[in-house]
Amino acid sequence: MATPYNHRAIEQKWRKKWEENPINVNDGTKEKYYCLDMFPYPSGNGLHVGHWRGYVISDVWSRYKLMHGYYVIHPMGWDAFGLPAENYAIKMGTHPAKTTAENIKNIKRQIQEIASIYDWDMEVNTTDPGFYKWTQWIFVQMFKKGLAYEKEMPINWCPSCKTGLANEEVVNGKCERCGADVTKKNLKQWMLKITAYADRLLADLDKLDWPEKVKKMQTDWIGKSYGAEVDFKVDGKEDVITVYTTRPDTLYGATFMVLAPEHAMAKDLATDDTRAAVEDYIYKASLKSSVDRLQDKEKTGVFTGSYAINPLNGAKVPIWLSDYVLADYGTGAIMCVPAHDDRDFEFAKKFDLPIIQVISKDGKEIENMTEAYTDAAGTMINSGEWNGMESAVLKLEAPAIIEKKGFGKKTTNYKLRDWVFSRQRYWGEPIPIVHCPDCGNVPLPEEQLPLLLPDVDSYQPTGTGESPLADITDWVNTTCPVCGKPAKRETNTMPQWAGSSWYFLRYVDNKNDKELVSREKADKYLPVDMYIGGVEHAVLHLLYSRFYTKFLCDIGVIDFDEPFTKLFNQGMVTGKNGIKMSKSMGNVVSPDDLVRDYGCDSLRMYELFVGPPELDSEWDDRGIDGVYRFITRFWNMVMDNTDKNVEETKELVKIRHKLVYDITSRLESFSLNTVVSGFMEYNNKLIDMSKKGGVDKATLETFVQLLAPFAPHISEELWEELGHKESVFHCGWPAYDEKAIEDDEIEIAVQLNGKTRATVTLAKDVAKEDAIARGKEALGDKLQGNVIREIYVPGKIINIVAK
RNA sequence: GCCCGCGUGGCGGAACUGGCAGACGCGCAGGACUUAAAAUCCUGUGGUGGCGACAUCGUACCGGUUCGAUUCCGGUCGCGGGCACCA
């Protein structure tokens with residue numbers, strides 16, 4: 001009797017061997033392949049089976065590349081600054097530095113259970129001063145280039161987290177982190193000018209091998225639109241109000257104008273009669289939170305008492321104020337064409353303003369308009385010299401016409417806003433700026449970096465808009481690096497995204513204390529070839545990283561401007577009924593027990609078997625039995641045949657080549673769940689062959705090689721059992737022969753009027769007439785009436801149409 | 001409201017460029033082994049009708065294109081995601 005499968009003994013044995021003799025080494029001759037996981041933040045809850053899945057996917061891919069002879073860069077690190085870590089520490093009543101270190105230790109142990117080929121020499125930790133020195137250094141470089149600037153403005157404020165937030169962190173008016181309603185707060189903030197890169201961030205999406213969904217989300221987030229700015233003179237004054245419109249073709253239909261209440265000219269437009277009402281409206285609008293403004297869809301507004309002149313036809317149009325116009329988009333003022341814009345239509349109806357149609361629908365004006373006609377499809381009417389033109393054509397030509405006439409210009413706009421970069425929290429990188437009364441904002445010189453985060457007892461957020469660091473007077477009070485006079489440090493910290501925006505560059509040179517990364521290593525090992533992680537970072541981390549990479553490319557630190565060549569988003573693993581795994585729901589499945597009971601190899605394969613890797617899956621423990629059975633049956637099958645010296649047969653050779661073909665093509669297309677089912681299918685076939693006479697050694701070896709990236713321990717063990725001294729990971733990836741997988745005979749279906757009624761086995765290159773004849777023969781009595789059509793698609797189908 | 005994606009047995013899912021729908025696995029039922037249980041092995045498993053080979057319906061729903069549609073097109077319903085007064 002052969003040795004029974006014992007996962008514990010085998011996995012322990014190979015873990016030790018790999019530690020002594022690493023299988024993924026850089027000998028300087030191999031081509032690199034950089035396969036990266038989105039690094040985790042060290043949460044106190046540890047890993048659940050959902051985290052595991054992403055790491056298994058990346059490890060399978062890494063080992064697959066390793067077997068193709070690459071030197072695989074597959075590192076892991078810790079995104080340890082930021083709110084989750086700090087909130088956890090506050091809850092536990094412990095210093096975040098301490099809880100973070102403990103959590104890392106636990107999660108690292110759990111990650112090591114996966115048996116990924118992580119190179120722990122490359123490990124990075126964003127809270128390590130040797131790391132955040134460079135996070136601060138990048139900020140200083142951005143400051144020097146004018147891309148980091150300070151500005152006082154109303155920003156998104158989370159009253160629960162007690163900090164400002166970036167636009168990207170506000171989801172449906174709520175805090176991305178804690179779900180509390182976000183309000184507005186006027187704060188002096190550090191901003192990063194990501195908008196300077198808007199065009200490149202948009203255009204370069206084309207060169208990325210990313211899921212279309214993510215590209216689209218970024219495209220929409222950047223939100224580029226094309227249109228024109230048009231100057232309207234204020235009637236009776238010298239003032240000019242510029243509006244932005246994407247529909248300059250409808251200029252003749254502009255019957256009023258609306259300014260955001262925050263518009264610089266809003267107050268000046270009031271007349272003696274309207275002043276009180278205007279000032280009241282402006283005041284009330286300033287009190288509205290972003291949530292109110294988002295939810296109050298009912299239009300409000302006030303007439304200023306002033307009029308503007310439509311530059312095209314000289315028409316006098318009333319100027320209103322309304323908070324449906326955003327102050328920080330376009331020019332903060334719009335021309336209103338109620339006939340062809342939903343919002344303007346609603347406003348015009350409410351305040352009884354005139355509506356002029358300038359685009360005909362189906363050749364005529366709409367009678368008794370009940371909603372705006374917003375399509376740019378129709379012929380221009382009521383539009384002077386533009387009458388008769390197609391609106392779709394005019395829409396494109398109008399900006400140039402306006403520019404030529406001298407009352408406006410062609411322009412573009414973006415929804416993307418600059419990045420609010422200050423956080424009023426303790427657990428983050430201090431912003432390396434000194435406020436000097438004489439010199440203004442002065443960045444710390446490089447030799448003073450890192451600016452260490454001071455160790456304090458009280459790190460609770462204050463809620464006042466000031467960072468807890470502001471209380472540490474002997475840290476705050478410093479001298480100006482330029483003039484040496486007393487000055488104060490900036491007390492805000494950076495957001496969690498600061499470290500994660502560039503960490504992938506650091507892995508390959510993580511001990512360098514002279515540079516962020518040496519140019520030599522960057523050129524050799526970067527960028528990332530394959531990036532694997534959840535889709536939740538589509539417009540956060542993934543957008544910020546692209547921005548940072550472009551900036552670092554511009555200042556010559558690196559020579560590429562896109563960080564992640566290929567991106568794969570794995571689906572989320574949820575509990576029953578698609579409920580997200582969380583401690584509060586009590587539905588968290590820990591991998592620890594499963595590894596103990598079934599082994600790492602089984603859990604790895606089951607993580608993949610639950611469903612397509614890109615889709616969400618509901619976790620069900622019971623299914624792992626099926627994978628465990630497969631592994632045991634495979635083990636027994638190989639053991640039964642190892643010493644039999646079975647001669648290879650034509651049938652076995654064909655199975656072998658088909659196996660290689662099926663597994664490789666499924667793996668290449670990332671259909672990892674069907675790779676696992678493929679293994680099961682072929683294993684069943686080989687068990688069958690085993691009963692009939694046995695399985696040859698070459699087939700066993702091939703199977704073991706293919707299985708290795710998925711179940712590395714058992715594969716190494718069986719590879720050794722089959723007589724090999726070298727690791728299976730150094731023995732290449734099996735190839736298949738096209739000719740060997742071709743069938744001489746094929747079984748195809750015979751249809752009668754499109755419904756399958758029989759099957760026939762035909763020679764591969766059978767002539768059409770013969771195939772049809774065989775098909776008719778197989779149908780026999782069922783074939784009745786006149787045959788009106790005969791279809792034969794080689795290798796696919798025979799269909800006889802009879803009446 | 002606008003823009004994407006999805007809808008297949010009791011369950012997870014498979015079906016490459018239109019070609020035998022339900023691979024593989026879970027669960028369930030029956031059987032073998034066992035004093036018994038577990039483990040293992042074998043058989044069956046979309047619905048309806050029939051002892052049966054077979055017939056018939058069936059990929060959310062309605063319609064279309066086609067010799068042939070889970071796959072392509074139009075519409076309806078349901079679910080999930082993104083954006084949310086961006087002019």
Side-chain angles (χ1 to χ4, degrees), chain A residues 4 171-173 211-214 216-221 223-225 227 243-248 250 254 257-258 260 293-299 322-326 328-337 340-344 346-347 374 413-417 535-536 538-539 578 605-606 609-612 614-627 629-630 632-633 636 662 665-666 669 671 673-684 687 747-759 788-802:
Chain A
V171 180
N172 292 327
E212 286 307 316
K213 186 185 166 186
V214 177
K216 196 180 175 311
M217 279 168 74
Q218 291 211 353
T219 302
D220 291 349
W221 191 261
K224 185 173 189 175
S225 66
V243 301
Y244 171 69
T245 179
T246 56
R247 294 296 301 277
T250 63
M257 179 187 267
V258 176
R293 205 157 156 163
L294 205 82
Q295 281 162 357
D296 294 353
K297 297 270 175 168
E298 179 76 31
K299 299 275 180 293
S322 174
D323 66 2
Y324 84 90
V325 174
L326 305 175
D328 58 352
Y329 179 78
T331 61
I334 61 169
M335 66 173 208
C336 297
V337 185
H340 304 290
D341 182 278
D342 291 327
R343 297 148 300 183
D344 298 348
E346 198 190 320
F347 196 83
T374 57
N413 254 307
Y414 298 90
K415 290 189 193 177
L416 184 71
R417 306 292 150 86
V535 75
E536 65 272 18
V539 288
M605 292 191 82
Y606 184 57
F609 190 57
V610 290
E614 69 279 12
L615 298 184
D616 293 351
S617 311
E618 283 178 30
W619 187 265
D620 183 353
D621 267 353
R622 283 178 301 181
I624 195 172
D625 285 317
V627 174
R629 275 180 208 131
F630 154 72
T632 315
R633 280 154 54 89
N636 292 336
D662 276 345
S665 55
R666 291 173 192 188
S669 59
S671 179
N673 54 326
T674 62
V675 170
V676 178
S677 61
F679 281 134
M680 292 172 169
E681 219 173 321
Y682 280 94
N683 187 41
N684 290 343
I687 287 170
E747 193 186 76
I748 69 170
V750 183
Q751 296 186 333
L752 179 60
N753 298 329
K755 289 185 175 175
T756 303
R757 286 292 177 266
T759 57
I788 51 177
R789 202 162 163 185
E790 293 166 341
I791 291 150
Y792 170 59
V793 184
K796 303 273 189 196
I797 204 98
I798 294 170
N799 189 10
I800 310 291
V801 185

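These numbers were taken from a predicted model, which means no experiment stands behind them. So you know, we letter chains A, B, ... as the sequences are listed, proteins then strands, and number each from 1.
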**Request:** Would you kindly check if the NZ (Lys) or CZ (Arg) of A:Lys299 is within the cone defined by 45 degrees around the ring axis of A:Tyr324 and under 6.0 Å from the six-membered ring centre?
**Result:** yes

**Prompt:** Taking the C1' atom of each, how far is B:U65 from B:G13, in whole Å?
**Reply:** 30 Å

**Request:** Apply side-chain contact (heavy atoms from CB on, under 4.5 Å) to the pair A:Arg757 and A:Ile800, showing each step before the final yes or no.
**Result:** CA-CA 10 Å; A:Arg757 286 292 177 266; A:Ile800 310 291; over 6 Å; no

**Message:** Just verifying a value: how many Å separate A:Ser322 OG and A:Phe347 CZ, rounded to the nearest 0.5 Å?
**Reply:** 4.5 Å

**Prompt:** Is any side-chain N or O of A:Arg622 closer than 4.0 Å to OP1 or OP2 of B:C11?
**Reply:** no

**Asked** Using atom P of each nucleotide, how far apart are B:C20 and B:U70 to the nearest Å?
**Response** 10 Å

**Message:** Just verifying a value: how many Å separate A:Phe679 CZ and A:Thr674 OG1, rounded to the nearest 0.5 Å?
**Reply:** 10.5 Å

**Request:** Side-chain contact test, heavy atoms from C-beta onward, threshold under 4.5 Å: evaluate it for A:Asp620 versus A:Glu618 and give yes or no.
**Result:** no

**Message:** Please convert RNA chain B into dot-bracket. A pair counts if it is Watson-Crick or G-U wobble with both distances under 3.5 Å; crossing pairs go in [ ] and bases paired with another strand get |.
**Reply:** (((((((..(((......[....)))((((((.......))))))((((....))))..(((((..]....))))))))))))....

**Prompt:** Which whole-number value in Å describes the distance from A:Glu298 CD to B:G1 P?
**Reply:** 17 Å

Between the protein and nucleotides 43-46 of chain B, list the N/O to N/O atom pairs that are separated by less than 3.5 angstrom.
none

**Request:** With C1' as the reference atom in both, quote the distance from B:A21 to B:G58 in angstrom, rounded to an integer.
**Result:** 10 Å

**Integer-rounded Å distance: B:A87 C1' and A:Lys299 NZ** = 11 Å

**Request:** Pick base, sugar-phosphate or nothing for A:Ser669, based on heavy-atom distances below 4.0 Å to the nucleic acid.
**Result:** nothing

**Message:** With the 90 degree cut-off around zero defining syn, does B:G74 come out syn or anti?
**Reply:** anti

**Message:** In whole Å, measure the gap between the C1' atoms of B:C33 and B:G12 for me.
**Reply:** 31 Å

**Request:** Tell me which of A:Asp625 and A:Glu346 sits closer to the 5' end of RNA chain B, going by the nucleotide each one is nearest to.
**Result:** A:Asp625

Pairs under 3.5 angstrom, nitrogen or oxygen only, protein versus nucleotides 56-58 of chain B, please.
residue	atom	partner	partner atom	Å
B:U56	OP2	A:Arg757	NH2	3.3

**Message:** Using the C1' atom as the point on both nucleotides, what is the distance between B:G47 and B:U8, in whole Å?
**Reply:** 14 Å

Tabulated below should be each protein N or O lying under 3.5 Å from an N or O of nucleotides 2-4 of chain B; please produce it.
residue	atom	partner	partner atom	Å
B:C3	O2'	A:Lys216	NZ	2.8

**Request:** Find the distance A:Met680:CE to B:G25:P and express it as a whole number of Å.
**Result:** 6 Å

**Prompt:** When rounded to the nearest Å, what value does the distance between P atoms of B:G81 and B:G27 take?
**Reply:** 30 Å

**Item:** Gap between atom CZ of A:Arg629 and atom CG of A:Asn683 - 0.5 Å precision
**Value:** 13.5 Å

**Request:** State the CD1-NZ distance between A:Ile791 and A:Lys796, to the nearest 0.5 angstrom.
**Result:** 15.0 Å

**Request:** Classify the nucleic acid contact of A:Arg666 as base, sugar-phosphate or nothing, counting any heavy atom under 4.0 Å across all strands shown.
**Result:** nothing

**Request:** May I ask you to test the A:Glu614-A:Val535 pair for a side-chain heavy-atom distance under 4.5 Å?
**Result:** no

**Prompt:** Which value, rounded to the nearest 0.5 Å, describes the distance between A:Asn413 atom CG and A:Thr331 atom OG1?
**Reply:** 8.0 Å

**Message:** Here's a test for you: under side chain to side chain contact (heavy atoms under 4.5 Å, CB included), which of A:Ile797, A:Thr756, A:Ile798, A:Thr759 qualifies with A:Val750?
**Reply:** A:Ile798

**Asked** Between A:Tyr329 and B:A87, is there a side-chain N or O to OP1/OP2 distance below 4.0 Å?
**Response** yes

**A:Asn799 side chain vs A:Gly754 backbone, donor-acceptor pair below 3.5 Å** = yes

**For A:Trp221, all residues meeting ring-ring contact (aromatic ring centres under 6.0 Å, His included), sequence neighbours excluded** = none

**Asked** For nucleotides 13-20 of chain B, read 5' to 3', which letter fits each nucleotide if B means a protein heavy atom sits under 4.0 Å from the base, S means only the sugar-phosphate is that close, and - means neither?
**Response** SS-B--BB

**Asked** Are A:Thr245 and A:Val337 side-chain neighbours, meaning at least one heavy-atom pair lies under 4.5 Å?
**Response** no

**Asked** In whole angstrom, what separates A:Ile687's CD1 from B:U40's P?
**Response** 12 Å

**Message:** Without decimals, in angstroms, what is the distance between A:Asp620 CG and B:C28 P?
**Reply:** 12 Å

**Request:** Using whole Å, report how far OH of A:Tyr682 lies from C1' of B:C24.
**Result:** 13 Å

**Prompt:** Taking side chain as C-beta onward, heavy atoms only, is A:Val676 less than 4.5 Å from A:Phe630?
**Reply:** no

**Prompt:** If the C1' atom of B:A14 is compared with that of B:G46, how far apart are they to the nearest Å?
**Reply:** 15 Å

**Complete:** Here the distance between atom P of B:C26 and atom CD1 of A:Ile624, to the nearest Å, is 12 Å

**Request:** Could you state the atom-to-atom distance from CZ of A:Arg629 to P of B:A38 in whole Å?
**Result:** 13 Å

**Request:** Would you check if the side chain of A:Asn636 reaches a backbone N or O of A:Pro4 as a donor-acceptor pair within less than 3.5 Å?
**Result:** no

**Asked** A:Ser617 side chain to A:Trp619 main-chain N or O, any donor-acceptor pair under 3.5 Å?
**Response** no

**Request:** Provide the distance between the two P atoms, one in B:U59 and one in B:C72, to the nearest whole Å.
**Result:** 15 Å

**Item:** Stepwise salt bridge (Lys or Arg N to Asp or Glu O under 4.0 Å) check, A:Arg417 with A:Asp328
**Value:** CA-CA 9 Å; A:Arg417 306 292 150 86; A:Asp328 58 352; 2.9 Å; yes

**Request:** Between B:U40, B:C67, B:C24, spot the one nearest the side chain of A:Val801, thanks.
**Result:** B:C67

**Message:** Under 4.0 Å from OP1 or OP2 of B:G25: is there any side-chain N or O of A:Asn684 that close?
**Reply:** yes

**Request:** Could you tell me whether the side chain of A:Ile687 reaches within less than 4.5 Å of the side chain of A:Arg633, counting heavy atoms only?
**Result:** yes

